[in-house]
Protein chains: 2
Amino acid sequence: MVEMPAEERLGLDIKRAEQELIAAKQVAVRAAGLTVPQYAALFALAGSPGISGAALARACLVTPQAMTVVLKNLEERGLVERTTHPWHRNVLETRLTERGRVALEAADARAVTIERAIADELAGEERETLRALLTRCGEAIRRASAEL
Amino acid sequence: MVEMPAEERLGLDIKRAEQELIAAKQVAVRAAGLTVPQYAALFALAGSPGISGAALARACLVTPQAMTVVLKNLEERGLVERTTHPWHRNVLETRLTERGRVALEAADARAVTIERAIADELAGEERETLRALLTRCGEAIRRASAEL
DNA sequence: GGGACGATATCAAACCTTTGATGACTATCA
DNA sequence: TGATAGTCATCAAAGGTTTGATATCGTCCC
């Protein structure tokens with residue numbers, strides 16, 4: 001029934017790597033009182049102050065509904081603040097608060113050590129190779145997904 | 001404050017690839033009425049009939065609690081059955097039902113097309129390279145995580 | 001036998017995620 | 001002006017995930 005052995009499924013390798021990554025990051029940012037999605041949101045927010053929730057969701061590769069939950073928890077804890085856009089009354093501008101900036105810094109300092117370890121493990125050329133291979137996987141996935 | 005530019009963070013590339021993968025698989029297995037975690041559980045279950053819930057959780061790289069929820073939903077729909085182990089009364093043996101086997105086959109037929117697309121996109125040598133690079137990333141992550 | 005240890009299952013709380021549906025606002029075009 | 005399309009926020013439902021704590025059972029060792 002299963003015509004493709006698990007050993008040949010590259011998706012499992014990608015998934016395993018990503019799960020180890022997210023588990024490590026979870027431990028890293030947790031010391032700053034953040035979850036990985038919260039950290040990702042704060043990180044994107046630091047680079048685009050005043051962005052809308054929907055745009056932030058796109059930046060973090062999640063749905064607007066998922067981002068709403070994350071922002072709600074962040075706002076309750078005073079790490080972000082949301083104000084109605086002066087012109088587009090329908091838009092809520094979101095910004096880091098000072099406390100949010102501090103939390104992001106603390107989390108990022110630890111998260112960077114993970115990224116640093118990955119970058120240091122691979123030579124410059126290998127990094128580009130990995131990136132290129134992953135990109136091609138993504139393209140193949142999109143193609144296959146389109147004609148499913 | 002953010003001393004490492006986002007472009008240098010390989011973790012983002014891994015995460016992006018994995019998210020495209022899981023999104024595509026989600027669409028694929030959904031036609032069979034399954035979620036990705038349910039599909040993963042049934043897949044592992046097919047290879048190890050009578051396995052315990054905790055062992056199944058380890059095989060799927062999730063916590064026993066997460067697997068409990070997945071199995072509860074699968075059992076409610078009659079796709080798996082759980083019986084107490086004859087010797088170890090504390091253990092619940094889990095097995096695929098006939099309906100579960102059918103659902104798994106339907107889901108796997110579609111999921112394999114995704115894996116096939118990835119495997120076809122890359123030459124044999126490239127597959128090994130990708131696998132090796134991902135493995136080294138995992139090792140680096142574990143090392144960094146250990147001394148965090 | 002009795003106690004420590006390990007594996008299993010389970011309850012609870014908090015959070016994240018998706019799909020689907022809805023209402024509101026802005027801008028564009030006829 | 002009015003219709004249309006696009007963007008945004010939000011409610012609801014279902015499912016998955018983690019951490020933390022607890023109870024039971026089986027095994028190993030003293």
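So that the names make sense, note that chain A is the first sequence line, chain B the second, and so on, each numbered from 1. In what follows, every heavy atom counts, from backbone to side chain, and hydrogens, waters and symmetry copies are set aside.
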> Tell me the salt bridge (charged side-chain N to carboxylate O under 4.0 Å, His left out) pairs involving residues 27-56 of chain A, sequence neighbours left out?
Replying inline: none

> Hey, are the side chains of B/Val80 and B/Arg95 touching, using non-hydrogen atoms and a 4.5 Å cut-off?
Replying inline: no

> So, are B/Glu18 and B/Lys15 salt-bridged, with charged N and O less than 4.0 Å apart?
Replying inline: no

>> With the threshold set at under 4.0 Å for non-hydrogen atoms, list the residues of residues 57-67 of chain A touching DNA chain D in residue-number order.
In response: A/Arg58, A/Gln65

> Which sits closer to the 5' end of DNA chain C, B/Gly53 or A/Asn73, going by the nucleotide each is nearest to?
Replying inline: B/Gly53

> With side chains defined as the heavy atoms from C-beta onward, is the minimum distance between A/Thr35 and A/Gln26 less than 4.5 Å?
Replying inline: no

> Between which nucleotides of DNA chain D, read 5' to 3', does contact with chain A run, using atoms under 4.0 Å from its heavy atoms?
Replying inline: D/dC8 to D/dG20

> Given B/Leu134 and A/Leu130, is the side chain to side chain contact (heavy atoms under 4.5 Å, CB included) satisfied, shown in steps?
Replying inline: CA-CA 8 Å; B/Leu134 287 175; A/Leu130 174 56; 4.1 Å; yes

>> Looking at B/Glu93 and B/Arg82, is any side-chain nitrogen of the basic one under 4.0 Å from a carboxylate oxygen of the acidic one?
In response: no

> Under a 4.0 Å N-O cut-off, is there an ion pair linking B/Glu139 with B/Arg136?
Replying inline: no

> Under a criterion of less than 4.0 angstrom to any heavy atom of chain B, what are the 5'-terminal and 3'-terminal contacting nucleotides of DNA chain C?
Replying inline: C/dA7 to C/dG20

>> Less than 4.0 angstrom from a charged side-chain N to a carboxylate O is my criterion; do B/Lys72 and B/Glu75 meet it?
In response: no

>> Which residues pass the salt bridge (Lys or Arg N to Asp or Glu O under 4.0 Å) test with A/Glu125, not counting sequence neighbours?
In response: none

> Relative to the 5' end of DNA chain D, which residue comes earlier, B/Asn90 or A/Glu93, by the nucleotide with the nearest heavy atom?
Replying inline: A/Glu93

> Want to settle it: does A/Arg82 or A/Gln26 sit nearer the 5' end of DNA chain D, counting the closest nucleotide to each?
Replying inline: A/Arg82

> Would you call B/Glu121 and A/Arg143 a salt bridge, using N to O less than 4.0 angstrom?
Replying inline: yes

> Do B/Arg9 and A/Glu115 meet the salt-bridge criterion of a basic N to acidic O distance under 4.0 Å?
Replying inline: no

> To the nearest 0.5 Å, what is the distance between OG1 (B/Thr63) and CZ (B/Arg58)?
Replying inline: 12.0 Å

> Quick one: do A/Arg16 and A/Glu20 make a salt bridge, cutoff under 4.0 Å?
Replying inline: no

> Going by number, which of residues 27-39 of chain B have a non-hydrogen atom under 4.0 Å from DNA chain C?
Replying inline: B/Arg30

